[in-house]
Amino acid sequence: ALAWNRPELRDRIGRVNAEWRSVLTDAFEGVVRDYEIDTSAFPVSAIASLVMTFNEGMILERLSGITEGQQDLMDAVDRWLLSLERSRR
């Protein structure tokens with residue numbers, strides 16, 4: 001959001017974004033391997049982008065005073081992660 005109003009920050013924000021994307025991509029490569037997640041539907045790069053966009057959206061909504069549905073979404077993600085853990089055992 002900073003770069004929307006401050007073009008001089010775009011390069012730096014882009015670099016930070018790329019570094020964070022790299023960290024997430026590396027982490028998710030291990031996760032998809034450990035949990036045997038089929039990456040033909042969602043490649044690791046798409047999963048990293050989804051998590052980044054998900055987080056940015058939650059932040060933007062909260063800054064706008066919107067929380068509707070967020071807890072339901074977090075609960076659904078938790079259930080999905082628990083189901084992956086159970087199936088892994």
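Heavy atoms only: backbone and side chains are in, while hydrogens, waters and symmetry mates are out. Numbers here simply count residues along the sequence, with the first being 1.
- Rounding to the nearest 0.5 Å gives a distance of 11.5 Å between CG of Leu84 and CG of Asp34.
- Both Val23 and Ile47 are assigned to one and the same hydrophobic cluster, defined by single-linkage of ILVMFWY side chains at heavy-atom distances under 4.5 Å.
- Put simply, Trp20 and Ile59 are part of two different groups of oily side chains (I, L, V, M, F, W, Y) that touch within less than 4.5 Å, one to the next.
- Expressed to the nearest 0.5 Å, how far OH of Tyr35 lies from CG of Leu81 amounts to 7.5 Å.
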Check against side chain to side chain contact (heavy atoms under 4.5 Å, CB included), Arg6 and Ile13: CA-CA 10 Å; Arg6 306 268 311 272; Ile13 290 171; over 6 Å; no
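- Counting non-hydrogen atoms of other residues, nucleotides and ligands closer than 6.0 Å to CD of Glu36 gives a total of 12 or fewer.
- Summarising the local packing, CZ of Arg10 is surrounded by more than 12 heavy atoms from other residues, nucleotides or ligands at distances under 6.0 Å.
- The environment of Phe42 atom CZ is sparse: at most 12 non-hydrogen atoms of other residues, nucleotides or ligands sit within 6.0 angstrom.
- Glu85 CD: more than 12 foreign heavy atoms inside a 6.0 Å radius.
- Proximity of a side-chain donor or acceptor of Ser87 to a complementary backbone N or O of Ser83 within less than 3.5 Å is detected.
- Looking only at side-chain heavy atoms (C-beta outward), Glu29 and Asp26 come within less than 4.5 Å of each other.
- Listed here is the closest heavy atom pair of Arg79 and Arg86: O-NH2, 4.5 Å.
- In this structure a side-chain-to-backbone donor-acceptor pair under 3.5 Å is missing from Gln71 to Thr67.
- Hydrophobic clustering (side-chain heavy atoms under 4.5 Å, transitive across Ile, Leu, Val, Met, Phe, Trp, Tyr) keeps Leu60 apart from Val77.
- Linking ILVMFWY side-chain heavy atoms closer than 4.5 Å, directly or via other members, places Val31 and Leu82 in two distinct hydrophobic clusters.
- Arg15 contributes atom CZ, which lies 12.0 Å from atom CG of Asn17 (distance to the nearest 0.5 angstrom).
- Ile66 and Met58 fall into different hydrophobic clusters, where Ile, Leu, Val, Met, Phe, Trp and Tyr side chains are chained together by heavy-atom contacts under 4.5 Å.
- Of all heavy-atom pairs spanning Ser49 and Arg21, the tightest one is OG-NH1, 2.6 Å.
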